[in-house]
2 protein chains.
Amino acid sequence: MPRVGLNQQTVVREAARLADEVGFQQLTLAALASRLGVALPSLYKHVRGADALAQKLAALATAELATEMTTAAVGRSGGDALRAMADAYRDYALRHPGRYPATQRVPDPADPEHVEAGERAVGAIFAVLRGYGLTGDDAVDATRALRSALHGFVTLEAAGGFGLPRDVDRSYHQLVASMDISFRSWPRTGG
Amino acid sequence: MPRVGLNQQTVVREAARLADEVGFQQLTLAALASRLGVALPSLYKHVRGADALAQKLAALATAELATEMTTAAVGRSGGDALRAMADAYRDYALRHPGRYPATQRVPDPADPEHVEAGERAVGAIFAVLRGYGLTGDDAVDATRALRSALHGFVTLEAAGGFGLPRDVDRSYHQLVASMDISFRSWPRTGG
DNA sequence: CTTTAAAGCTAAGCTACTTAGCCAACGTTG
DNA sequence: CAACGTTGGCTAAGTAGCTTAGCTTTAAAG
């Protein structure tokens, strides 16, 4: 039995590719093993099991998403930064339909890279909101609002939840424009 | 073997209760059968299988949610209606953590009750937005925005995605207040 | 060359879903 | 009230997926 030469990184990366092809829910250890050319139990030499694989995939996807969000906002501010970041967010979800759902897993405190990736993603949003003068409790509320809007939209879109023929790109831009208006006149609490 | 006297409705209703207790993902035919006091394969006399059960549960939950949204908005308009409906939406998701995820399934065209329930839910949002003077393409965009915001928020909340200590109720109210502002100054397209 | 850690394997068992086919309870009808 | 047919229950058996145990062989290190 010649060795294939796997390690945790190769396994997780291939899982990410496979998930994008077949969907996050359809990502199975059997399919992954066959794709990597090994028997299923061999995967256990590299990941603790199906749940641990999902967690590592979450860490990978969250890191990628955080990077794309940060990159998009660099050198911009205000509505410009908001639009660029929102577009990057949705682009990532559309380009990586299998990885995106993984990013919703709450970071595992035992995985520093995962925690750091989550902080980077939230931090990117925080930075954009600072450009609107939002800080403290207001920034927390606004961050939750923005995350909710973006996540909700791409989730509904991916689920096929937008039945009507109206152009989805346009609806997304309108949503982002409305968030821009909201942030400029955010109902302040003085936090 | 004395008969238990099940039918599709009893099975689906019990599935809904069970889902709220253990979670939508943990809803299993085995657990449901044991709860109903029958052997697992007996369920197949009432539902076509696990996927069909999930679909029927989706129809039930969507109908319940649509009713609560509609009821909440009755006799109100504008921001008043928006707040009442949004509160009803989140209340439902919090009271029924197992049913709520089921509502995200796109209605089965072969199930008229499911289709009708979906139309009622979207119609309820449409009606509220008409109070803001939003119609046509603007109403479609605004409906998608509102659905995205509400769905995204309750989904992130249920997933434990809001790590910071800031009060979640308050964040939700701020989100709804910001949507109110958005709808009043919606970036019109003239649709 | 020997030794050893680790990467692969097979075998076996678990849970969950599904299908097939049997039997008994119940409602209907003569 | 007896016979009958429908149907709701059952057991048995097969599939897919995850996991553990324990063996073998590769390949690197001494």
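Quantities reported herein were computed from a predicted structural model and do not represent experimental measurements. Every chain is numbered from 1, with letters handed out A, B, ... down the list of sequences.
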Gln8(B) CD to His46(B) NE2 distance, which is reported to the nearest 0.5 Å: 9.5 Å
Check against salt bridge (Lys or Arg N to Asp or Glu O under 4.0 Å), Glu64(A) and Arg95(A): CA-CA 12 Å; Glu64(A) 288 178 347; Arg95(A) 280 203 323 272; over 6 Å; no
Distance, rounded to the nearest Å, where Leu6(B) contributes CG and dA25(C) contributes P: 16 Å
Protein-nucleotide distance (Gln55(A), atom CD; dC18(D), atom C1'), rounded to Å: 18 Å
Aromatic plane relationship, Tyr100(B) with Tyr89(B) - under 30° parallel, 30 to 60° tilted, over 60° perpendicular: perpendicular
Base dA6(C) to side chain Arg3(A), donor-acceptor N/O within 3.5 Å cut-off: yes
Length of the CG-C1' vector between Leu43(B) and dT11(D), whole Å: 15 Å
Pair Glu21(A) + Arg17(A), salt bridge at N-O below 4.0 Å: no
Protein-nucleotides 18-22 of chain C N/O pairs closer than 3.5 Å?
{"from": "dT18(C)", "atom 1": "OP2", "to": "Tyr44(B)", "atom 2": "OH", "distance (Å)": "2.7"}
{"from": "dT18(C)", "atom 1": "OP2", "to": "Ala50(B)", "atom 2": "N", "distance (Å)": "2.6"}
{"from": "dT18(C)", "atom 1": "O5'", "to": "Tyr44(B)", "atom 2": "OH", "distance (Å)": "3.0"}

Sugar-phosphate only, base, or nothing, as touched by Ser42(A) at under 4.0 Å among non-hydrogen atoms: base
Length of the CZ-C1' vector between Arg35(A) and dG17(D), whole Å: 18 Å
Salt-bridge contact Asp180(A)-Arg184(A) (side-chain N to carboxylate O under 4.0 Å): yes
His46(A) side chain near dA6(C) phosphate (N/O to OP1/OP2, under 4.0 Å): no
Atom-to-atom span, CG of Leu36(B) to C1' of dC10(D) - whole angstrom: 16 Å
Which nucleotide in dG9(D), dG17(D), dC17(C) has an atom nearest any side-chain atom of Thr28(B): dC17(C)
Whole angstrom value for the distance that separates P of dC26(C) from CG of Asn7(B): 16 Å
Asp141(B) bridged to Arg166(A) by N-O distance under 4.0 Å: yes
